[in-house]
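To keep things clear, I will list the structure first and then write my remarks on it.
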Amino acid sequence: VYGGKNIDTGESVAIKVIPQSKLYTWQKKRNLEQEILLLRELKDVPRVITLHEVYSDSKFYYLVFEKLFCDLYNHPRVCMPENVGKKVFREIALGVKTLHDRDIVHRDLKYENILVSKDLSVVKICDLGYAKKTNGGTLWRRHGSAQTIAPEILKRKGYRFEVDIWALGCILHALLTYRNPFYREGDQLDDLLWRIVKNDRVPLSFELSKDAENLINSMLTVDTNMRP
């Protein structure tokens with residue numbers, strides 16, 4: 001992703017450059033086309049990144065977005081006191097609700113896909129490359145990142161919006177503790193995924209408020225019907 005400037009307005013923008021050589025399968029091309037369609041549908045919707053323009057040449061696609069300070073993973077205050085973390089989390093959750101209200105499951109919510117302003121007053125969801133509308137049905141394709149993937153996806157079960165709620169639980173846990181709820185030092189990828197399937201969480205290293213702890217527990221339950 002490169003920084004740029006709109007020469008007409010002076011607005012700073014972020015330009016995502018995608019080599020066409022990386023779109024070597026029908027599915028990869030379809031994912032990009034689907035992401036662009038969803039972003040255009042969601043243009044100027046609060047808490048979702050705005051796609052301004054799309055350009056292409058013989059070698060690259062150029063997606064021009066509004067520019068924010070950084071993603072949540074790289075923000076200096078990546079671990080926050082609860083009073084700050086709950087405000088950031090509220091914005092993330094409202095952004096996810098916006099997607100779900102439009103029948104869209106994100107399927108890859110994580111720190112790196114949450115963009116924020118420097119003062120954390122602006123929070124926006126980005127990277128809809130794996131996002132998909134359910135059209136009233138069940139999704140089956142395995143998508144997601146290890147740190148926030150839901151157990152039903154790992155078990156190759158059908159799923160819907162509940163996988164995003166699980167990811168929100170992982171994000172809130174990390175916001176308040178700076179730890180993934182399932183990762184133990186020395187774990188390999190298979191260890192982490194096994195702990196997710198078994199819901200074998202790392203004990204909290206310090207005390208959270210009862211409200212925060214209850215909310216995390218409600219989102220990180222294997223029973224999808226019990227998630228909020």
Side-chain angles (χ1 to χ4, degrees), residues 1 14 16 18 31-32 34-35 38-39 42 47-49 51 63 65 68-80 84-100 104-117 120 122-132 139 141-154 159-184 187-197 199-202 212 215-216 218-222 224 227-228:
V1 178
K16 185 176 182 180
I18 304 170
N31 285 347
L32 177 60
Q34 181 173 273
E35 179 178 15
L38 290 176
L39 286 167
L42 294 162
R47 304 179 185 92
V48 179
I49 196 70
L51 175 67
L63 278 60
F65 294 94
L68 276 76
F69 178 64
C70 67
D71 62 51
L72 201 51
Y73 182 82
N74 288 297
H75 194 277
R77 296 188 69 179
V78 67
C79 181
M80 305 170 191
V84 176
K86 71 180 182 181
K87 293 178 182 178
V88 173
F89 181 75
R90 178 180 183 275
E91 293 300 300
I92 300 170
L94 287 172
V96 173
K97 182 179 185 302
T98 295
L99 297 180
H100 290 184
I104 300 167
V105 186
H106 188 283
R107 301 200 291 185
D108 196 23
L109 291 167
K110 56 184 177 180
Y111 257 40
E112 294 88 340
N113 289 341
I114 309 295
L115 299 178
V116 293
S117 60
L120 297 172
V122 179
V123 180
K124 298 208 173 190
I125 295 168
C126 68
D127 199 344
L128 274 66
Y130 291 144
K132 189 173 179 61
L139 304 179
R141 189 176 292 274
R142 181 171 171 172
H143 285 304
S145 298
Q147 63 266 43
T148 56
I149 194 169
E152 57 268 28
I153 298 179
L154 293 174
Y159 60 87
R160 285 170 53 82
F161 305 103
E162 295 84 3
V163 297
D164 286 346
I165 305 303
W166 176 278
L168 285 175
C170 296
I171 289 169
L172 180 57
H173 188 285
L175 273 175
L176 302 182
T177 69
Y178 196 43
R179 295 189 65 177
N180 180 279
F182 299 96
Y183 177 78
R184 286 177 168 84
D187 272 358
Q188 301 299 313
L189 177 60
D190 286 347
D191 300 321
L192 173 60
L193 298 181
W194 180 249
R195 293 188 196 283
I196 292 171
V197 169
N199 202 8
D200 179 16
R201 276 186 272 162
V202 177
L215 180 56
I216 291 170
S218 69
M219 292 187 286
L220 294 181
T221 176
V222 173
T224 58
R227 294 179 202 159

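- By the side chain to side chain contact (heavy atoms under 4.5 Å, CB included) test, A131 is found to be paired with L38, I104, L128, residues two or more places apart in sequence or in another chain being considered.
- Proximity of L68 to I49: side-chain heavy atoms (C-beta onward) are separated by under 4.5 Å at one or more points.
- The side-chain hydrogen bond (donor to acceptor under 3.5 Å, both in side chains) check on N31 picks up Q27, with sequence neighbours excluded.
- Within the model, atoms CE of M80 and NZ of K86 stand 14.0 Å from one another, a figure rounded to the nearest 0.5 Å.
- R184 meets the side chain to side chain contact (heavy atoms under 4.5 Å, CB included) test with D187, R195, D200, V202, P203; sequence neighbours excluded.
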Working for ring pair (Phe, Tyr, Trp, His ring centres under 6.0 Å), residues W166 and F182: CA-CA 12 Å; W166 176 278; F182 299 96; 5.5 Å; yes
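- Summarising the geometry of N180 relative to Q147, their closest heavy-atom pair is ND2-O, 2.8 Å, with the distance given to 0.1 Å.
- With contacts defined as side-chain heavy-atom distances shorter than 4.5 Å, the pair R201/I216 qualifies.
- Residues satisfying the side chain to side chain contact (heavy atoms under 4.5 Å, CB included) criterion with K97, sequence neighbours excluded, are D101.
- Residues P151 and N199 fail the side-chain proximity criterion, which asks for heavy atoms closer than 4.5 Å.
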Please assess I196 against I149 for the test side-chain contact (heavy atoms from CB on, under 4.5 Å), listing each intermediate value before the final yes or no. CA-CA 8 Å; I196 292 171; I149 194 169; 4.1 Å; yes
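- Remark: L63 CG to L32 CG distance equals 6.0 Å, nearest 0.5 Å.
- The backbone N or O of V122 sits less than 3.5 Å from a side-chain atom of S117, completing a donor-acceptor pair.
- Using a 3.5 Å distance cut-off with no hydrogens or angles, the side chains of D164 and H100 do pair a donor with an acceptor.
- Closest non-hydrogen pair, C126 versus L115, comes out as SG-CG, 3.7 Å.
- Every residue two or more places apart in sequence or in another chain was checked for a ring-ring contact (aromatic ring centres under 6.0 Å, His included) with Y159, and none qualifies.
- Closest of all the heavy-atom pairs between I171 and Y111 is O-CE1, 3.9 Å.
- L72 has its side chain within reach of I92: a pair of non-hydrogen atoms, C-beta onward, lies under 4.5 Å apart.
- By the side-chain hydrogen bond (donor to acceptor under 3.5 Å, both in side chains) test, K132 pairs with no residue at all, sequence neighbours left out.
- Once rounded to the nearest 0.5 Å, the distance linking CG of L193 with CG of L154 reads 5.5 Å.
- Shortest non-hydrogen contact noted between V1 and A14 is CG1-CB, 3.9 Å.
- Every side chain to side chain contact (heavy atoms under 4.5 Å, CB included) that D108 has, sequence neighbours left out, goes to H106, K110, N113, Y130, S145.
- Partners of R160 under the side-chain hydrogen bond (donor to acceptor under 3.5 Å, both in side chains) rule, at least two apart in sequence or in another chain, are T134.
- At distances below 3.5 Å, at least one donor-acceptor pair connects side-chain atoms of S218 with backbone N or O atoms of L215.
- Taken to the nearest 0.5 Å, the CD atom of E112 stands 8.5 Å off from the OG1 atom of T148.
- L120 contributes atom CG, which lies 10.5 Å from atom NZ of K87 (distance to the nearest 0.5 angstrom).
- Across G85 and L176, no two heavy atoms sit closer than the pair CA-CD2, 4.1 Å.
- Under the 4.5 Å side-chain criterion, counting only non-hydrogen atoms from C-beta, E35 is in contact with D127.
- Remark: E152 engages R227 in a salt bridge (charged side-chain N to carboxylate O under 4.0 Å, His left out) (not counting sequence neighbours).
- A donor-acceptor distance shorter than 3.5 angstrom exists from the side chain of T98 to the backbone of L94, with no hydrogens or angles considered.
- Remark: F65 engages no residue in a ring-ring contact (aromatic ring centres under 6.0 Å, His included) (not counting sequence neighbours).
- Contact check for R107 versus R141: side-chain heavy atoms found under the 4.5 Å cut-off.
- In this structure, E162 has no salt bridge (charged side-chain N to carboxylate O under 4.0 Å, His left out) partners at least two apart in sequence or on a different chain.
- In this view, D71 and N74 satisfy the side-chain hydrogen bond (donor to acceptor under 3.5 Å, both in side chains) rule, not counting sequence neighbours.
- Shown here for L189 and A146, the closest heavy-atom pair between the two residues is CD1-CB, 3.5 Å.
- Here the straight-line distance linking atom CG of L109 with atom CD1 of I114 works out to 5.5 Å at 0.5 Å rounding.
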